Amino acid sequence: MKEQEPSSHASAWLQTRLRTLKLDVDAGVLTQVLHEVHPDELENEEVLKMWLGLSEEDVLPEDLRNVVASFRQLRLLEQYANAADKRASFIEQFLNPSELSRSSKTAARNM
């Protein structure tokens, strides 16, 4: 199952890191892999090798492992931030009953 796309900030960060570290990896392929693979699986080197088309004997460069680990952390932070924003919005509506009743009335009218 495809995960939610990371923000453009995470993608821009990734592109910058790859250029800075001068990693010999196709940035487009790595970006696609990092967007497709579940964050929990990004810790698994064998999964990364498979997605990147490397053999089991190939060794992932340490800089690449570090970039993937950092990208994984960014994705997780974005997920937690998005969830926190949704909870904050719900709590705000809950604490402000007039807003909640207005949105309920609007929803009822639109049915």
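Sequential numbering from 1 along the given sequence is applied to the chain's residues. In this text the structure is predicted, and so the values were computed from the model without any measurement.
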### Message
With clusters defined by side-chain heavy atoms of hydrophobic residues (ILVMFWY) lying less than 4.5 Å apart, directly or transitively, does L77 cluster with V67?
### Response
no
### Query
Run the side chain to side chain contact (heavy atoms under 4.5 Å, CB included) check on R65 and E62 step by step: do they pass?
CA-CA 5 Å; R65 289 193 313 261; E62 184 177 347; 3.7 Å; yes
### Task
Nearest 0.5 Å please: distance from the CZ atom of R17 over to the CG atom of L23.
8.5 Å
### Query
Is it true that a side-chain atom of K49 and a backbone atom of E56 form a donor plus acceptor pair closer than 3.5 Å?
yes
### Message
side chain to side chain contact (heavy atoms under 4.5 Å, CB included), that's the test. Do L30 and L64 meet it? Break it down for me.
### Response
CA-CA 10 Å; L30 183 59; L64 180 57; 3.7 Å; yes
### Query
What's the spacing between L52 CG and E45 CD if we round to 0.5 Å?
11.0 Å
### Query
Quick one: CD on E41 to CZ on R72, what's the gap to the nearest 0.5 Å?
10.0 Å
### Message
Using the rule given for side chain to side chain contact (heavy atoms under 4.5 Å, CB included), can you reason through T31 versus Q15, listing the C-alpha separation, both sets of side-chain angles and the distance that settles it, and then say yes or no?
### Response
CA-CA 8 Å; T31 299; Q15 296 294 328; 3.1 Å; yes
### Summary
In short, E46 meets N44 closest at the heavy-atom pair N-OD1, 2.9 Å
#### Entry: Spacing of CG belonging to L42 relative to CH2 belonging to W51, to within rounding of 0.5 Å
10.0 Å
